[in-house]
Amino acid sequence: MAQNSNPTLLYAVLGFALIVIVLLSLLQAIRFYKDGKWSINYIVLVGLIVVAALATTLALSAIPDTVQTAAFTLFGTIAGYLATRKIPTASSGGANDTAGVSTSPPE
């Protein structure tokens with residue numbers, strides 16, 4: 001049975017996720033400023049954090065259990081894909097491989 005929504009806890013979870021994403025963005029900006037390289041790991045980590053925040057939000061909401069079960073299955077599939085995804089390495093794509101992400105400034 002679905003429980004009642006707790007807005008205080010929900011805001012705390014979403015606030016924590018937002019703080020983590022901002023800190024990851026700051027670290028990525030520092031890396032890009034120093035080395036001029038974009039990390040595909042950043043995108044994977046932000047995706048996992050977003051999926052975790054959405055799943056926690058869903059768990060804290062007053063939604064029927066059947067809907068929650070289907071959504072958790074979808075979130076688990078997405079998180080599993082992101083967590084086990086092969087990330088290009090220096091041996092597979094070269095040291096400057098950015099997985100299709102352009103690092104040159106726009107003209």
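One-based numbering along the sequence shown. These figures come from a predicted structure and were not determined experimentally.
Residues L74 and V44 share a single hydrophobic cluster, defined by chaining ILVMFWY side chains whose heavy atoms lie under 4.5 Å apart. When hydrophobic clusters are built by joining Ile, Leu, Val, Met, Phe, Trp and Tyr residues whose side-chain heavy atoms come closer than 4.5 Å, directly or via intermediates, L58 is grouped together with I78. By the rule that hydrophobic residues join a cluster once side-chain heavy atoms approach within less than 4.5 Å of another member, F72 and I49 end up as members of one cluster.
Considering every non-hydrogen atom in both S25 and Y42, the closest pair reads OG-OH, 2.7 Å. Taking every heavy atom of both residues into account, A79 and V51 meet most closely at CB-CG1, 4.1 Å.
Atom OH of Y81 has 12 or fewer heavy atoms from other residues, nucleotides or ligands within 6.0 Å.
Going from atom CD1 of I30 over to atom CG of D35 covers 11.5 Å, rounded to the nearest 0.5 Å. For the atom pair CZ (R31) and CG (N41), the distance works out to 7.5 Å, reported to the nearest 0.5 Å. For the atom pair CG (L23) and CG (L18), the distance works out to 9.5 Å, reported to the nearest 0.5 Å. Between atom CG of residue L14 and atom CG of residue L54 there is a gap of 8.5 Å, rounded to the nearest 0.5 Å. Atom CG in L45 sits 10.5 Å away from atom CD1 in I21 (nearest 0.5 Å). Separating the OG1 atom in T56 from the CZ atom in F75 is a distance of 9.5 Å, to the nearest 0.5 Å.
Using a 4.5 Å cut-off on side-chain heavy atoms (C-beta onward), L24 and V20 make contact.
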